[in-house]
2 protein chains.
Amino acid sequence: MARRTRECAEETRDEILNAAERLFYDHGVTRTSLEEIARAAGVTRGAVYWHFRNKIDLFEAMQERAERPHGEFMRRLAACETDAPLPALRDACCQAMRLLAADERRRRVYAIVTSRCEHVAEMAGAAARKRQIKDQVISRFTHVFEHARHIGVISPAWPPKVAAQCLFSLILGLVTDWIERPEDYDLSRRGPACIGVFFRALGAEKPRHGLPFAARRTRVPPIGMTKDGR
Amino acid sequence: MARRTRECAEETRDEILNAAERLFYDHGVTRTSLEEIARAAGVTRGAVYWHFRNKIDLFEAMQERAERPHGEFMRRLAACETDAPLPALRDACCQAMRLLAADERRRRVYAIVTSRCEHVAEMAGAAARKRQIKDQVISRFTHVFEHARHIGVISPAWPPKVAAQCLFSLILGLVTDWIERPEDYDLSRRGPACIGVFFRALGAEKPRHGLPFAARRTRVPPIGMTKDGR
DNA sequence: ATGTACATACATTCGTGTTTGTATGTAAAG
DNA sequence: CTTTACATACAAACACGAATGTATGTACAT
């Protein structure tokens, strides 16, 4: 074990993170001990405690390493306020989902953060980061939809905030659904399919009179909210 | 502690489940010991081990107790294939979200299952139940949308399966987003608002020619999928 | 009198944090 | 260009608490 130079130390650190990723993903965070992580990385707990203060520190380092490509998405969102904002926004969202589906590491870490660990007080850091990202994304979405409304390329039926919340929730739901069983679900296909139709609907207007579609046989019920609709 | 009759035993069991709910929600599943649960319920671990085989058994009992009202939603979905399927489906979904938001117990248990426990091998039972419910819901959704397409009350732009996946993911995303910080998010308002506009869009058709909305100033970009849309 | 519904006590395992030991790298001094 | 001195990068051992499962005790109900 003659690896004491700086680069070798970095390599050790990376392999510890790799091992933690695999074990966290397979057995959950609390059920994997630092001993197991060390063994899987070919070192001992001494090395782990050298590079990280404790398990939470290791966990956050793992998360941080995987979240770096996220900035790209934000930058692309910021560039959406062109004269064709909706296709740009749609393509940015689809691209983000495809990137997530293609990046094994991000997929695993996202699965760990969402479903292989417990969101409790210790994880306050991770929760805060997550919330911050969400607020940024929704804010960006809202700006884009406001811009779209301003230049008249979105149906007035969609208030910008509602559209932003819907788009965010739709993506969140797609990813949440997919992340649980990625093996029987191709996010890079189904995601864009749903997003595509959704954006088509954003640009569509309500039918003027009661008979919009060919096969119509019955009377059109009112589409607005009923008593249930608050 | 003279409570040895059968009803009292049931009461003890319920209070153990109540205590488990609170503690699981506040501190996560793995970080709360059976000792703590017993103390919070005013008993000892002896009582806990009398009523439940172990922590997982207790966990599943807690989940089962909270999930009972779910059957109501399925029954309501089954009754949606009328001549106004979309409003019926929309109202069923909105109602389900309102019920969830109003039921403190279901809310807490849902939060526990999604974010206060680790989805690992031991939880296979919970995962299987969840998946089964999801498959049922999507299947029902699909049937309703097929029926809607058949009687011509939904835009042909929405294939039934895509519509079902979208609706499911939208709801899942809304609930997932809400459950993390229910205090700054009123699901019973924001949920139906999004669902309402979404269903309006389901019934809307694509604009015929390039200038659908009043404030139009720029050229309309094509709304279909681009190269990215796969 | 027997089973129910618990309480109490015990044994054991497991993971963590810390401490100590040690070989190697590395930079300054001679 | 050595040698010295110290920091680095771990390994190994220890101490401790915490949680679990089980075994046993016991009061009450029927």
*Side-chain contact, heavy-atom cut-off 4.5 Å: B:F73 with B:M97?*
no
*Tell me yes or no: between the side chains of B:N18 and B:R65, is some donor less than 3.5 Å from an acceptor?*
yes
_Side chains of B:R76 and B:Q95: any donor to acceptor distance under 3.5 Å?_
no
Scan the side chains in residues 126-145 of chain A for donor-acceptor partners under 3.5 Å anywhere in the protein, sequence neighbours excluded, and list what turns up.
{"from": "A:R129", "atom 1": "NH2", "to": "A:Q63", "atom 2": "OE1", "distance (Å)": "2.9"}
{"from": "A:K130", "atom 1": "NZ", "to": "B:E180", "atom 2": "OE2", "distance (Å)": "2.8"}
{"from": "A:K134", "atom 1": "NZ", "to": "B:D177", "atom 2": "OD1", "distance (Å)": "3.0"}
{"from": "A:K134", "atom 1": "NZ", "to": "B:D177", "atom 2": "OD2", "distance (Å)": "3.4"}
{"from": "A:T142", "atom 1": "OG1", "to": "A:I138", "atom 2": "O", "distance (Å)": "2.7"}

*Classify the angle between the aromatic ring planes of A:F24 and A:F59 as parallel (below 30°), tilted (30 to 60°) or perpendicular (above 60°).*
tilted
*OP1 or OP2 of C:dG17 under 4.0 Å from side-chain N/O of A:Y49*: yes
*With a 4.0 Å cut-off, would you call B:E35 and B:R39 a salt bridge?*
yes
_B:I195 vs B:L167 side-chain heavy atoms within contact, under 4.5 Å_ = yes
_Do A:S115 and B:E118 pair up side chain to side chain, a donor and an acceptor below 3.5 Å, judged on atom types alone?_
no
*Choosing from D:dA11, D:dT20, D:dA9, which nucleotide comes nearest the side chain of B:K55?*
D:dT20
*Residues from residues 27-40 of chain B sitting under 4.0 Å of DNA chain D, heavy atoms only?*
B:S33, B:L34
Restricting both atoms to N or O, compile the protein contacts to nucleotides 14-17 of chain D shorter than 3.5 Å, with distance only.
none

